[in-house]
Amino acid sequence: MLHSSISERYIQHRALYARLLRIAFTLAGLYWFVIYMLPLERHMALRAGQSMIYFILMTLWGLDYMREQRRLTVIIQAANAKGVPPDQITFNDVSQHESLFSMFVPRRGFWGVVVPMIFTLGLPAALILVVLQYVRVFVAL
C-alpha cells in the first residue's frame, strides 16, 4: 500500500488506463480469430493492419511499465533514506519526481509533458485502429 497522498495522485488514473489498455489488447487479439475464420487469400490484407496497432499498444505498455518501475524505485529510495517503510512515504517526500505520478495530466519537465501526451493520444489511437480493423473485415463480408 502506498500513502494516500501518493495513491490519490495517480492510482485511479492508472487503473483506468490499464483497463483501457487491456481492452485494446483483448480486441486486437480477438481479431486474429476473425481473420482466421475467413478464406486464406484475405488474410494478408487484414493482418497488415495489425502491426501498427501492436506497435502502439506495446509502446504504451512499455512506457507504463517503465514509469511504474521508476515510481516504485523513487518511493523505495525515499523510504530507505528516511529509514521508514515505503507506505509512510508521502508525496512531499517524492515531490521532486512529480511527473512520474501523472498518467494523463501534464506536469513540469519534458517527460512530465511528453509521456502523458503519449498516453492521452496513443490509447485512443490504438482503440480507433482496432475498431477500424473490425469495420474493415465486416464491410468486406
Side-chain angles (χ1 to χ4, degrees), residues 1-38 40-141:
M1 292 291 294
L2 296 174
H3 191 271
S4 62
S5 66
I6 292 177
S7 63
E8 69 189 18
R9 292 190 61 92
Y10 85 100
I11 294 291
Q12 187 177 16
H13 295 149
R14 186 172 185 280
L16 172 65
Y17 170 80
R19 189 173 306 122
L20 291 173
L21 188 61
R22 284 191 302 269
I23 288 170
F25 266 114
T26 301
L27 291 173
L30 289 173
Y31 186 74
W32 289 100
F33 289 112
V34 174
I35 288 175
Y36 287 111
M37 289 175 29
L38 298 173
L40 189 59
E41 59 274 358
R42 301 210 27 230
H43 286 201
M44 190 60 104
L46 295 174
R47 287 178 9 197
Q50 290 293 92
S51 297
M52 182 56 69
I53 292 169
Y54 282 110
F55 174 76
I56 293 170
L57 291 176
M58 292 300 289
T59 300
L60 293 173
W61 176 79
L63 283 172
D64 178 46
Y65 180 81
M66 177 189 69
R67 284 170 61 88
E68 185 67 12
Q69 178 189 11
R70 286 186 180 165
R71 278 190 286 267
L72 294 175
T73 299
V74 164
I75 291 169
I76 291 169
Q77 286 174 345
N80 288 340
K82 290 182 88 175
V84 297
D87 64 339
Q88 292 182 6
I89 296 298
T90 65
F91 183 72
N92 289 336
D93 299 324
V94 294
S95 62
Q96 68 273 20
H97 301 284
E98 83 171 315
S99 64
L100 291 174
F101 297 92
S102 176
M103 293 301 293
F104 302 112
V105 178
R107 301 286 182 206
R108 63 185 160 93
F110 179 76
W111 292 112
V113 173
V114 171
V115 175
M117 278 182 29
I118 291 171
F119 289 156
T120 303
L121 299 174
L123 196 54
L127 286 167
I128 289 169
L129 288 174
V130 168
V131 169
L132 288 175
Q133 284 286 86
Y134 280 98
V135 168
R136 184 188 316 172
V137 75
F138 289 118
V139 166
L141 291 177

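For the pairing with Phe119, the ring-ring contact (aromatic ring centres under 6.0 Å, His included) check across Phe104, Tyr10, Trp111, Tyr17 returns one residue only, Tyr17.
For the pair Arg107 and Phe101, the minimum side-chain heavy-atom distance is 4.5 Å or more. Contact check for Met58 versus Phe25: side-chain heavy atoms found under the 4.5 Å cut-off. In this structure, Leu21 and Leu123 have side chains that are in contact, with non-hydrogen atoms separated by less than 4.5 Å. Residues Val94 and Gln77 form no side-chain contact, since every pair of their non-hydrogen atoms from C-beta on lies 4.5 Å or further apart.
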Residue pair Leu63, Met66: steps toward the side chain to side chain contact (heavy atoms under 4.5 Å, CB included) verdict:
CA-CA 5 Å; Leu63 283 172; Met66 177 189 69; 3.7 Å; yes
Apply side chain to side chain contact (heavy atoms under 4.5 Å, CB included) to Thr59 and Phe55, showing your working.
CA-CA 6 Å; Thr59 300; Phe55 174 76; 4.1 Å; yes
Let's go through Phe91 and His97 carefully: what are the C-alpha distance in whole Å and the side-chain angles of both, what is the deciding distance for side chain to side chain contact (heavy atoms under 4.5 Å, CB included) to 0.1 Å, and is it a yes or a no?
CA-CA 9 Å; Phe91 183 72; His97 301 284; over 6 Å; no
Check the pair Arg136 / Gln133 against side chain to side chain donor-acceptor pair (under 3.5 Å), numbers first and verdict last.
CA-CA 5 Å; Arg136 184 188 316 172; Gln133 284 286 86; 3.1 Å; yes
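The number of heavy atoms from other shown groups lying within 6.0 Å of CE (Met52) does not exceed 12. Counting heavy atoms of neighbouring residues, nucleotides and ligands inside a 6.0 Å radius, atom CD of Gln88 exceeds 12 of them. The number of heavy atoms from other shown groups lying within 6.0 Å of CZ (Arg47) is above 12.
In terms of modelled atom types and a separation under 3.5 Å, the side chain of Tyr134 and the main chain of Leu27 share a donor-acceptor contact.
Glu68 is linked by a salt bridge (charged side-chain N to carboxylate O under 4.0 Å, His left out) to Arg14, Arg71, counting only residues two or more places apart in sequence or in another chain. For the side-chain hydrogen bond (donor to acceptor under 3.5 Å, both in side chains) test, residues two or more places apart in sequence or in another chain that qualify with Arg108 are Glu98.
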